[in-house]
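Numbering starts at 1 and runs along the sequence shown. Predicted model only: the values in this text are computed from it and were never measured. Whatever order the structure lists them in is the order used to number ligands and atoms, beginning at 1.
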Amino acid sequence: MAEFQEISKLSALHPKPAGLVLQYGTSGFRTNAKQLDHIMFRMGLLATVRSKKTKATIGVMVTASHNPEEDNGVKLVDPMGEMVTQDWEEHATQLANADQEDLLTALKNIIEKEAINMSQEANVFVGKDTRSSSASLSQAVLDGVSALGGHSKDYGLVTTPQLHYMVCCQNTQGKYGEATVEGYYTKFCQAFIQLTKNTSNRTDDQKHLCLDGANGIGALKVREMESHLKKELQISLNNDGSKGRLNHQCGADYVKVQQKPPTGAHRINPGERCCSFDGDADRIVYYYTDSEGTFHLLDGDKMATLISTFLKELLTQAGLDLKIAVVQTAYANGSSTHYLENTMKVLVRCTKTGVKHLHHVAQEFDVGVYFEANGHGTVLFSKAAEEKIQQLAEDTNVNDERKKAALLLRNTINVINQTVGDAISDMLLIEAILAIKGMTIQQWDTIYTDLPNRQLKVKVADRRVIDTTDAERRAVTPAGLQEAIDNLVKKYRQARSFVRPSGTEDVVRVYAEADTQESADALAHEVSLAVYRLAGGVGDEPKPLH
Ligand code: 16G
Ligand code: MG
């Protein structure tokens with residue numbers, strides 16, 4: 001085929017460094033930007049083939065999220081705006097690692113295996129974050145698409161969730177919204193304004209939010225969106241990219257890991273409501289500092305709790321019998337799970353780490369609220385649930401309370417980006433809920449109290465020696481490790497601990513929680529030692545934290 005000759009020629013312009021092996025990890029390829037040019041070209045090829053296979057538009061987002069500025073990466077987006085399926089992640093890895101002279105064979109293998117009709121049209125949407133390397137890398141993606149004769153649309157600078165949204169809009173013929181950034185702002189901001197419309201006692205203080213944009217794309221897009229909010233939300237934007245470096249001592253990951261406010265923000269007043277986005281704006285955490293100067297983090301678990309409580313109340317008021325569940329990972333604070341199951345009486349499910357796993361489980365329910373503790377998350381409504389809510393909102397024969405609840409539910413659906421966790425949409429949802437409930441961030445924070453916890457990492461020769469089960473909560477191998485963890489956990493109160501190989505870094509992660517910070521720290525250290533001794537630790541033995 002003519003296209004294949006073209007590919008040989010063009011791929012030589014995007015050569016693969018000899019010997020380089022990269023994996024499509026938890027959410028795409030991610031490494032130093034200098035090593036990614038060939039990956040981008042090849043992902044352009046793969047997205048084109050995927051588009052032919054699905055007869056739909058596919059998305060390619062160039063970003064390395066919360067990684068440092070010098071890194072970059074790429075994420076593939078499937079037709080409904082969800083992450084690409086696992087078997088295509090494998091194709092991506094194969095194609096990425098084929099030696100230059102084997103590239104065509106690797107591509108043909110995929111085409112054959114998937115029985116692709118190469119005469120089918122292909123459409124690919126491309127987006128990029130603000131990294132300096134993103135411009136040329138997204139051009140490499142576009143080159144890959146055109147090498148196979150596909151059509152592409154370059155959205156330029158967008159957040160990752162915005163690109164997911166565009167792909168979904170395009171493939172649902174505009175039913176989800178218009179596939180433009182304007183369409184995105186219009187949809188989500190209108191819903192936000194509708195939701196907050198009857199909260200007339202909302203003070204100016206409550207309308208004010210302090211936002212750390214991580215010096216990234218989220219900051220740029222919030223600026224662009226501001227006029228659509230009609231002053232119903234007034235955002236003080238810090239780390240807007242005008243001076244500081246991307247993700248450097250700021251952003252959601254920094255705030256969550258360091259458990260402190262970002263640098264580069266204005267002096268935060270006691271009780272002031274603040275939030276941080278990550279580098280591609282698919283993650284958000286909230287926080288405030290109290291009058292004693294103590295920092296309080298409201299993470300994904302707190303957001304899941306606030307949102308699911310709000311939705312459950314509305315469903316009850318609306319008299320709708322819809323099944324709601326919260327999906328978490330092993331990292332969810334034990335207090336949050338306890339509160340959700342025992343006080344809220346909602347169903348809680350636990351999955352492996354990584355948004356795609358949570359997303360799939362959430363799809364099993366009428367209303368699936370999913371959040372990772374680190375701030376990735378959203379809410380999914382089944383088609384049936386959306387229809388029932390819509391019907392009730394239009395029904396003229398229902399009482400005022402049910403009607404009001406149905407209208408709120410309908411607007412809540414519209415403020416949520418259901419394709420993937422979205423910092424902008426999550427922020428609007430949380431702000432609306434706090435406004436409707438007349439709740440301060442402190443009140444939200446006291447719904448339950450987090451158990452003290454600690455995360456550590458251990459370097460081992462080969463992290464694959466650790467195999468886990470039960471949504472990563474138990475280690476199957478190496479022999480004796482789980483038993484050792486069980487015995488250590490027994491020494492402490494309200495304690496829990498697990499270990500898992502990281503999907504993004506060459507380390508084993510250790511998590512521990514217990515009734516006090518000292519106990520959580522001691523347990524995390526002892527479990528780290530067990531990993532070091534039983535799973536082939538390298539370097540110095542882990543030292544106690546105190
Ligand atoms: C990726 C995942 C995130 C997960 C993290 C775990 C997405 C979009 N991102 O960043 O959900 O929490 O990996 O990293 O899925 P780890 O395996 O290194 O602990
Ligand atoms: Mg991210």
### Query
Looking at Phe192 versus Phe188, is the centre-to-centre ring distance below 6.0 Å?
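Centroid distance Phe192-Phe188: not below 6.0 Å, so no.
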With a 4.0 Å cut-off, would you call [X] and [Y] a salt bridge?
| X | Y | result |
| --- | --- | --- |
| Arg131 | Glu69 | no |
| Arg273 | Glu431 | yes |
| Arg349 | Glu364 | yes |
| Asp486 | Arg474 | yes |

### Task
Anything with a heavy atom under 4.0 Å from ligand 1 counts, so go ahead and list those protein residues by chain and number.
Thr26, Ser27, Met83, Thr353, Gly354, Val355, Glu372, Asn374, His376, Arg500, Ser502, Gly503, Thr504, Arg509
### Task
Please check if atom CG in Asp540 has more than 12 non-hydrogen atoms from other residues, nucleotides or ligands closer than 6.0 Å.
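At most 12 heavy atoms, drawn from other residues, nucleotides or ligands, come within 6.0 Å of this atom.
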### Task
Name whichever N, O or S atom of Asp278 ends up nearest to the Mg ion (ligand 2).
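Atom name of the closest N, O or S in Asp278: OD2.
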### Message
Angle at the Mg ion (ligand 2), OD1 of Asp280 to OD1 of Asp282, rounded to 10 degrees, please.
### Response
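With the Mg ion (ligand 2) as the vertex, OD1 (Asp280) and OD1 (Asp282) sit 90° apart.
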### Message
Side chains of Ser276 and Tyr287: any donor to acceptor distance under 3.5 Å?
### Response
yes
### Task
Specify whether an N/O/S atom of Ser65 falls short of 2.8 Å from the Mg ion (ligand 2).
yes
